[in-house]
Amino acid sequence: MQKERLRYAPSPTGFLHIGGARTALINYLWAKHYQGTFIVRIEDTDIARNIKDGERSQLENLRWLGIEIDETVDVKDAKYGPYRQSDRIEIYNKYINQLLEEGNAYRCFCSPEVLNQIKEAQIKAGIYAPKYQKTCRNLNKNIVEEKLANNAEHVIRVKNNPDITFAWNDLVRGEVSFNSNDIDDFVILKSNKIPTYNLGVVIDDHLMDITVAIRGEEHISNTPKQLLLFSLLKWTAPKFAHLTIITNHDGKKLSKRDLSLHQFIEDYRNEGYLPEAVFNFLALLGWNPADNSEINTKADLIKKFDEKRLSKSPSIFDIKKMQWINSVYIKKLDFEVYKNLTLPFLKEAYDLSNYSSEWSDLLISIYQKQLSYGKEIVDLTKIFFTETDFKNDSEIDEVFNNDSAKLLIKEFKNGLNNLEVWSVDNIKLLIKQLQKELSIKGKALFMPLRIAASFSMHGPELAKTIYLLSKKNVVKNITSVEQFYDK
Ligand code: GLU
């Protein structure tokens, strides 16, 4: 059986985006599920749009996610390389010449200005999809040669023929077909002598023995153009799967201009998300396993992958779900790994020079169960580093709207002041004592204590929180709450 060969073919016009990463990941899962090869090909022929760090960001972040690349610019297979399109120009030229010689392509000398005028006139006349008028399709051979001798600027276009159906069985969408009348004599070689995407992709997918091309749905309209080239070059096209779009919460397609949401993998990496969790999350954007499980390791996902379960409707990018998945993975980390994830953020945000490492270890440890991503530790631990004034609200007023809560925090403050050794165990003991002496338990016990000690209704383990806040700060906090409600 033919070995599966799948490729992710990013243009280095930006950093690795959520959408690109999802496409890469589905290609990767498919390849690995069938013990095939996963290839990354850099499609850098749109020179003006390439950015300096685009290629680095793509490769580095795919690898960070745990996606091993079997063949790419720095892992070469002599049979299939090079893997950067700008290094394959000679290869493309060979096939462009073949298309010209066989009469399936022609040189077009129309200037961009003239083409624009024609296009605008067509739009004015109500033509919805303006087309090239094929002015140069049947130029006299002598004229062409004369122009070439004068180095006249030109492009090369493919010859499209009328009334042909281009159809394929899309592995996401089922049967899709286009009539060739809707396709232009499109450009395959630009005037700067660089081939267009539609030409490069066909030649590369063929020469690289690609079996399935999985990509975003924005490429559906390119597929008939590619099928035209496949047929003119007498090659078999790969299978196609066009993944559905990813939307934000409002149902709008994710746009790089939308600043309300991080969209690049490096942003998540910089905020302390775990690669295993991001991998797990992205894999579920547009696909889900038959058992509907949400938490799956890479190995699980490779095993469970099933192309029949690629989603047919748009996927919503749900940051809350990503945070939840990340928190599941964070909970499972060994403390040392968890510490490496969180401590650098803490150090960057706060001056820890007055605290012992036992103190900061305990501080980060109490948040391991609830932390969604590494950087969140900074916000969560704010109360330990910044002085705040007590602020009441109706819920807090409700808690202190009785004498027993007031008595409780008074006794608690006395107890803390009298503690000889400031330790988590002694604080726990004191809380137990008060529970017995005052016969209160549960919420009625913990809520007033937590609010009085930390000014907050929620937080991690109370005794540890109090210990970390220090006797001085907790006593001060309780005093201000007492003063507030004694007024
Ligand atoms: N270079 C194209 C892109 O970045 C890839 C399209 C394809 O996979 O064929 O969208």
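As the structure lists them, so they are numbered: ligands from 1, and atoms in each ligand from 1. One is the number of the first residue; the rest follow in order along the sequence. Everything numeric in this text was worked out from a predicted model, so none of it was measured.
For atom 1 (N) of ligand 1, the nearest non-hydrogen atom of the protein is Glu43 OE1, 2.6 Å. Nearest non-hydrogen protein atom to atom 5 (C) of ligand 1 is Ala9 O, 3.1 Å.
Only the side chain of His219 comes within contact range of ligand 1, with a heavy atom under 4.0 Å; no backbone atom does. Only side-chain heavy atoms of Tyr197 come within less than 4.0 Å of ligand 1; its backbone N, CA, C and O stay farther off.
Every atom of ligand 1 is numbered from 1 in the order shown, and the set under 4.0 Å from a heavy atom of Val201 is 9 (O).
Between Pro10 and ligand 1, not a single N/O pair is under 3.5 Å apart.
By the ring-ring contact (aromatic ring centres under 6.0 Å, His included) test, Trp324 pairs with no residue at all, sequence neighbours left out. Evaluation of the side-chain contact (heavy atoms from CB on, under 4.5 Å) rule for Lys52 yields no partner, not counting sequence neighbours.
Considering only non-hydrogen atoms, atom 8 (O) of ligand 1 lies nearest to Arg7 out of His17, His242, Arg7.
Between Asp306 and Trp287, the closest heavy-atom pair is O-NE1, 3.1 Å.
No side-chain donor-acceptor contact under 3.5 Å links Lys464 and Ser365.
Seen from the ring of Tyr329, Lys332 counts as a face-on cation partner, given the 6.0 Å and 45° thresholds.
Just one of Lys32, Arg41, Arg7 meets the salt bridge (charged side-chain N to carboxylate O under 4.0 Å, His left out) condition when paired with Asp70; it is Lys32.
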